[in-house]
Amino acid sequence: MLETVKYLIGTVGESGYGSKSTADQVTESCPDLRSITAIITGSTSGIGAETARVLAKRGARLVLPARNLEAAEEVKARIVSECPESEIVVMSLDLSSLGSVRNFVSGFESLDLPLNLLVNNAGKFAHEHAISEDGIEITFATNYLGHFLLTKLLLNRMIETAKNTGVQGRIVNVSSGIHGWFSGDTIGYLGLLTRNKSRYDATRAYALSKLANVLHTKELARRLEKMEANVTVNCVHPGIARTRLTRELEGSLFTDLSFFLASKLLKTIPQAAATACYVGTHPTLLNVSGKYFVDCNEASTSELGSNSAEAERLWSASEIMVSKDPKAVFDQRLSLKKDKSRDDA
C-alpha cells in the first residue's frame, strides 16, 4: 500500500527521481551526447519515439530501425523540426525475423558508425497465437529473441567503440513488471506456446518474453564483466502507459473503460520513457550493470528473474535458436526427456 501511495504522488527515490519524472528531466544533468551514437528499437511511437526525441535533443546521433519505414520517417521529421541539427538514420528491421536482424546489422556495419548506446525497446503483445517465419511464438520472437540476436551481433562494435573512445557503452533492455507473473519452465513453456495453439495464453506469453529480457540482462552482464568489456547492460520497467502496445484492443469498450478507471495509475509517455533515458545516459550509473530499474531507481526482480542458473540456461537455448533451426532446441529438449524416461524405466 505504501509503495502505491509513493507511486501515485511521485515520491523520489535515492536517484532523485520517481514515477512522475520525465525523460527530459532525467537527462538534464547528463553530459553532452553529441559524441554518442544510439540505436533505439521500437521508436516509431510511444516510449521509443519519446526516447529518440529526448536523446536527439541532448545531441545524440540516432539510428532508428523500424518495420514501418514511413512511420519512422515521420518520427524523424518531427524530431528534426524540433532539433534541426539532429543526425538521424532510418533503417529497416523486423525483430520477429532473424534474417531481418542480420540484414540490419550488416547494413549498420556498412555505415562504419560507432555504437555507444543500444536501447532494446520494441515490444509486442499478440492477442492471437502466431508463429514467426523462423518457427517461434511471435511475442517471444519479437520481444526477446530478435533483441538477443541484435545485441549479440552488435556487441563487438560496442566494445570496440568503448575501447577507442574511452566512453562506456550501455545496453538498456526494456522489460516489464509483468515478468514476475511468469513462473515455471521457461523453455518448456515456449515450446508449448510454439507447438500448441490451443494452449496459448497471451498474457503469460508476454510475461515470459519480459522475463527473458530480465534473464538476458543478468547473463550478459556476467559475460561482459568476465570479458572486462567497458560496456554495461541493465533492464527497466517503464511503467504502464497507453501506447500502441494495446492497439489490437483499441476501441474495445472494456479496454477504454479500464484505461479510464486506471488513468490515475497510468504514466504519460514522457514519464514512461524516463527510466530508459536515465539508465542509458545518467553519469551516476557508470559501471552499474546487471540491475533492474523501476521509476529511475534500482529495484528487485522476481525470484525467477534473479536465478543465475535459469539465465545461463536461457542463454544456451537462445544460442541454439539463433544459430540453428530455432525449433531444434525443443526437439533436443524432447529427446532428453525421452532418454531420461528410458533411464528411469
Side-chain angles (χ1 to χ4, degrees), residues 95 98 120 123-125 132 134-152 155 171-196 199-227 229 231-237 279 288-294 298-324 326-340:
L95 279 160
L98 299 179
N120 289 322
K124 181 180 182 66
F125 187 107
S132 75
D134 301 294
I136 298 294
E137 189 278 317
I138 198 72
T139 301
F140 189 88
T142 304
N143 295 357
Y144 168 69
L145 195 61
H147 282 128
F148 174 86
L149 180 60
L150 180 68
T151 304
K152 172 185 171 71
L155 196 56
I171 301 167
V172 181
N173 287 331
V174 178
S175 180
S176 169
I178 291 174
H179 82 271
W181 294 14
F182 184 89
S183 60
D185 181 353
T186 55
I187 306 304
Y189 187 65
L190 176 60
L192 182 66
L193 282 178
T194 297
R195 295 175 183 274
N196 195 334
R199 300 290 296 275
Y200 184 68
D201 179 328
T203 301
R204 196 157 189 241
Y206 183 74
L208 171 63
S209 72
K210 296 289 102 178
L211 172 64
N213 295 145
V214 173
L215 293 172
H216 177 218
T217 301
K218 186 175 186 64
E219 179 62 13
L220 179 56
R222 184 187 71 80
R223 289 170 180 256
L224 287 169
E225 182 179 15
K226 187 176 181 180
M227 294 165 62
V231 176
T232 64
V233 57
N234 293 288
C235 61
V236 305
H237 167 52
V279 172
V288 175
S289 193
K291 305 301 183 182
Y292 176 67
F293 289 82
V294 178
E298 190 178 330
S300 298
T301 66
S302 67
E303 183 177 350
L304 188 55
S306 62
N307 187 315
S308 298
E310 190 64 22
E312 187 172 2
R313 178 170 172 260
L314 177 63
W315 185 286
S316 297
S318 301
E319 288 282 13
I320 294 173
M321 284 189 273
V322 301
S323 61
K324 302 177 182 178
K327 292 179 289 185
V329 69
F330 310 131
D331 296 334
Q332 183 183 68
R333 186 176 178 276
L334 188 60
S335 176
L336 288 172
K337 273 192 168 184
K338 287 179 179 177
D339 291 344
K340 185 177 186 302

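A donor-acceptor pair is defined here as one N or O able to donate and one able to accept, closer than 3.5 Å; such a pair exists between the side chain of D134 and the backbone of L98. Using a distance-only test at 3.5 Å, with no hydrogens or angles considered, a donor-acceptor pair links the side chain of S175 to the main chain of K210. In this structure, N234 contributes its side chain and V288 its backbone to a donor-acceptor pair below 3.5 Å. The main-chain N or O of S183 is found under 3.5 Å from a side-chain atom of R204 such that the two form a donor-acceptor pair.
Residues S209 and T139 share a closest heavy-atom pair of OG-CG2, 3.8 Å. In terms of heavy atoms, A141 sits closest to S132 at CB-CB, 3.9 Å. Minimum heavy-atom separation, T194 to G135: CG2-O, 3.0 Å. Taking both residues in full, the closest heavy atoms of L193 and D201 are given as CD2-N, 4.3 Å, listed atom of the first, atom of the second, then distance. The nearest pair of heavy atoms linking S302 to L211 is OG-CD1, 4.3 Å.
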Working note: V172 + F293, criterion side-chain contact (heavy atoms from CB on, under 4.5 Å); need CA distance, chi angles, decisive distance, verdict.
CA-CA 10 Å; V172 181; F293 289 82; over 6 Å; no
Check against side-chain contact (heavy atoms from CB on, under 4.5 Å), V322 and L145:
CA-CA 8 Å; V322 301; L145 195 61; 3.7 Å; yes
Hey, mind stepping through N213 and C235 against side-chain contact (heavy atoms from CB on, under 4.5 Å) and telling me if it holds?
CA-CA 7 Å; N213 295 145; C235 61; 5.6 Å; no
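With rounding to the nearest 0.5 angstrom, the CD1 atom of I136 is 11.0 Å from the OG1 atom of T142. Atom-to-atom distance recorded for K218:NZ and R223:CZ is 13.5 Å, nearest 0.5 angstrom. Atom CG of L304 sits about 10.0 Å away from atom CG of L314, to the nearest 0.5 Å. In this structure, the separation between CD1 on I171 and CG on L155 is 5.5 Å, given to the nearest 0.5 Å. Rounding to the nearest 0.5 Å places CG of L208 at 7.5 Å from OH of Y189. Atom CG of L149 and atom CE of M321 lie 11.5 Å apart (nearest 0.5 Å).
Y292 pairs by the ring pair (Phe, Tyr, Trp, His ring centres under 6.0 Å) definition with H179, not counting sequence neighbours. Residues meeting the side chain to side chain donor-acceptor pair (under 3.5 Å) test with S289, sequence neighbours left out: none. With sequence neighbours left out, R222 forms a salt bridge (charged side-chain N to carboxylate O under 4.0 Å, His left out) with E219. Partners of H147 according to the side chain to side chain donor-acceptor pair (under 3.5 Å) rule, which considers only residues two or more places apart in sequence or in another chain, are T41. Taking the side chain to side chain donor-acceptor pair (under 3.5 Å) definition, one finds that K152 meets it with E319, sequence neighbours left out. Looking at residues two or more places apart in sequence or on another chain, you find a side chain to side chain donor-acceptor pair (under 3.5 Å) between T217 and N173. S300 is linked by a side chain to side chain contact (heavy atoms under 4.5 Å, CB included) to nothing, counting only residues two or more places apart in sequence or in another chain.
Enclosure of atom CH2 in W315 by more than 12 non-hydrogen atoms of other residues, nucleotides or ligands within 6.0 angstrom is indicated. No more than 12 heavy atoms of other residues, nucleotides or ligands lie within 6.0 Å of CZ in R199, so this atom counts as exposed by the packing criterion.
Sequence neighbours left out, the pairs with a member in residues 300-312 that pass salt bridge (charged side-chain N to carboxylate O under 4.0 Å, His left out) are E310-R313.
Ring orientation note: the planes of Y144 and H216 are nearly perpendicular, at an angle over 60° on the 30°/60° scale.
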